[in-house]
Structures are given as C-alpha cells and as structure tokens.
Amino acid sequence: MTDAIRLLETLERERSLSLEEYRALLDAWSPTLAAAAAEKAVAVRQRVYGNTVFVRGLIEVSNICKNDCLYCGIRKSNTACERYRLEKDDILVCCEEGYALGFRTFVMQGGEDGYFTDDRLCDIVRSIKERYPDCAVTLSMGERSRESYERLYEAGADRYLLRHETADAEHYARLHPSTLTLAERMRCLRDLKEIGFQTGCGFMVGSPYQTTEELAKDLKFVEEFQPAMCGIGPFIPHKDTPFKGYEAGTLEMTCFLLSLVRLIVPTVLLPSTTALGTIHPTGRELGILAGANVVMPNLSPLSVRKKYMLYDGKIATGDESAQSLQHLKERMASIGYRIVVDRGDVKR
Ligand code: 5AD
C-alpha cells in the first residue's frame, strides 16, 4: 500500500511512470488507493478547470457501419440492429434544439457509414459553424484518410474523437476483425493531432482479454500522446455480439483510471461517460468525483436513440437526454459542480 501511494505521488509530481510502475499501481487497486487517487485528481482538475463541468450535445448521426468490431452492438454483422441515418436537416434540427438548451459543442458521432463522404460531412460542418459561430464541432466518425481529416478541419471542425480502444496490438487484434489494425488507428490519431484538431483517444475498461498489462499500456500511450480529450468507459456486453459477460469491479476500475489519466494529463477533457451512467445509477457523478469534467447528454431524436445501441441497457431516455439538462445541472450541483454554457476548449 505505501509503495502504491508512493507511485501515486510520483505520478502526481512527474506525470509519468514506467510501464511496470503503471501496472504495479493498477494491480494495487484498493478502495483506499482509489480514494487517494481521486483526491489528487480532483485537486488537479480544480486547479485547471475549477468546479465547472462542460457539456456536449451528442448527435448520433448513423448506426450504419462497415466495420465488424466484436464488442460493438452496431457491428456490421448484427442483423438484429435496425439501421438509421440522420441527414443534414435532421442534424441541424438537433443543433437548433441544443443551442437553445445552452450547448456550445455539438458532437457528431456515428458508425463508419459510406454516406458521410467528405463533401457531405464538410457541408454539414460548414452549415453548423455558419449558424452557430460561437460553437465547437466535434467529429467522431471513425477512421478516414489524412486528406479527409484535412478537409474536415478546413471546413471548421474543431475536435475529433477516435478511441484507440486498446494500445496493445495483439489485444486490438482480438477485439477487431483483421481489416482493422492498431497501426492504422495510430496513423489516424497522429494525423488528427498534426492537422490541428483537439484530438481525443480513449479505451474501454473491462473489455474481453484485458488485464492490467493492457491497461498499463493504455496509460503509457496516453502519457506519450498527450490527448486533448480521453474517452474512458466500462465495456458492457451487447446481447447480439459474440462477447458475453460483464467483469466485476469494472465501475471501480473505470473511476480509478479516470483519476490516473487526470494526473497524467492535467488539462485533459475527460468525459464521465454514458456507459458509466449505465452501469450505476449515479455513475456519472462518480466519474466527476474521480476527476472527469465533461458530460455528453444525448441530442439525437428520440426516435433513433434506441437504435444507437452500442451495448445493452444504454440509457435512451431520462437523464441521458439533453432535454433534461436541468435535472443534470441539479445532480451536478448536488455534488458541488457547475454546468456551464461554454465551448469548453482544452486549456493549453
Ligand atoms: N461497451 C462499451 N463501450 C462500447 N463501445 C462500443 N461498444 C461498446 C460496448 N459494448 C465504445 C467504443 C467506441 C465508442 C463509440 O463506444 O469504445 O469507440
């Protein structure tokens, strides 16, 4: 325990540990160690961002996907999934509603749907930025060519989220079809960062075959990559995928990792994810109390929300909806945090 606390103190001071040290820290998880990590992470977050929580309006633009990731509910080979796509006008309606509610960042997220060519996506980005020049646009549309990312940046997109999923190539290969590789994922992430996007990576916690060895690599990668954002959420099985079974302790481990990532990259924009809210009734509060500073309520039309099922039980009504922002504000206020009307850019 004292050894682990010492590692935590080194991390707090140096923002860096060796791979072996990250692993030792993860293996030493205990409620006491996690509480110590959370206390340090909250202090760091407080210093950089105060008690503000940024909100993002999430627009799930399509559940059509050419990929077949083994863990994902909208994978191509899931024939039970009813497919949909939002077109430009639908998306603009979401933004209009979101803007009125106080959102100043719109996140367009979707499967890798060939409909969203560069021309179409750039046109949508330009229209959003024209109508809402005070808003940031985040894209989360998967792997694309460097040229495509360049065009999207030119069109005005500010941020891009592409979780690396796991920083271990072999583990990556066990979670994905052979058409997808960690090397290509990394190529995308490096291109995005070079082009100038506020770039987000991230990974699932409790995914099949994952041990603290893989998680240690994720932390080392975060340390090296220095992302502007990092999406960390629990793996939750989806009934129509080959991966069954939910790992006990995933909630606790996710919160611990949020704290460690906050210590590694103090300025990181760190969402308390929907998946965290799915596995525990106050999961999103727990994430904030572990060091997260972003929540991403759903702005997608109610009619499609139930179809964007990445995992079982994904919240599709209630507090998840952007429309109940008021309730979310109250919940955050009850733990001492303030949701703000702000683009919420990364602090440099
Ligand atoms: N459980 C949790 N997260 C998942 N994702 C995909 N499938 C699942 C699942 N079953 C995450 C991936 C992806 C993001 C959009 O959703 O990390 O990057």
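Every number for a ligand or one of its atoms is a count from 1 in the order of the listing.
In this structure, R104 forms a cation-pi arrangement with Y99, its terminal cationic atom sitting closer than 6.0 Å to the ring centre and no more than 45° off the ring axis. K220 forms no cation-pi arrangement with Y22, by the criterion of a distance under 6.0 Å to the ring centre and an angle within 45° of the ring axis.
The atoms of ligand 1 that sit less than 4.0 Å from any heavy atom of F235 are 1 (N), 2 (C), 9 (C), 10 (N). Below 4.0 Å from some heavy atom of L310 lie the following atoms of ligand 1, by number and element: 7 (N), 8 (C), 9 (C), 10 (N), 15 (C), 16 (O). Near C72, meaning under 4.0 Å from one of its heavy atoms, ligand 1 places the atoms 7 (N). The Y311 neighbourhood of ligand 1 comprises atoms 1 (N), 2 (C), 3 (N), 9 (C), 10 (N), with distances under 4.0 Å to a heavy atom of that residue.
Scanning the protein heavy atoms around atom 7 (N) of ligand 1, the nearest turns out to be Y71 CD1, 3.3 Å. Summary of contacts: the protein heavy atom closest to atom 3 (N) of ligand 1 is M204 SD, 3.5 Å.
Remark: the backbone N or O of S77 is paired with a side-chain donor or acceptor of D68 at under 3.5 angstrom. Judged by distance alone, the side chain of E21 and the main-chain N or O of L7 form no donor-acceptor pair under 3.5 Å.
The pair E184-R187 meets the salt-bridge criterion, with a side-chain N (NZ, NE, NH1 or NH2) lying under 4.0 Å from an Asp/Glu carboxylate O. Salt-bridge formation is not detected for the pair R174/E214: no Lys NZ or Arg NE/NH1/NH2 atom is positioned less than 4.0 Å from an Asp or Glu carboxylate oxygen.
Residue contacts with ligand 1 for P234 involve N, CA, C or O but no side-chain atom from C-beta outward (heavy atoms, distance under 4.0 Å). Of the heavy atoms in H238, none comes closer than 4.0 Å to ligand 1.
In terms of N/O distances under 3.5 Å, ligand 1 is approached by E165. In terms of N/O distances under 3.5 Å, ligand 1 is approached by I236.
Using 4.0 Å as the threshold, C69 has no heavy atom nearer than that to any atom of ligand 1.
Note: Y71 and F235 fail the aromatic proximity criterion, with ring centroids not under 6.0 Å apart.
Taking the six-membered ring where the residue is Trp, H164 and F203 present tilted rings, their angle falling between 30° and 60°.
The residue from H164, E60, R163 that puts a heavy atom closest to atom 11 (C) of ligand 1 is R163.
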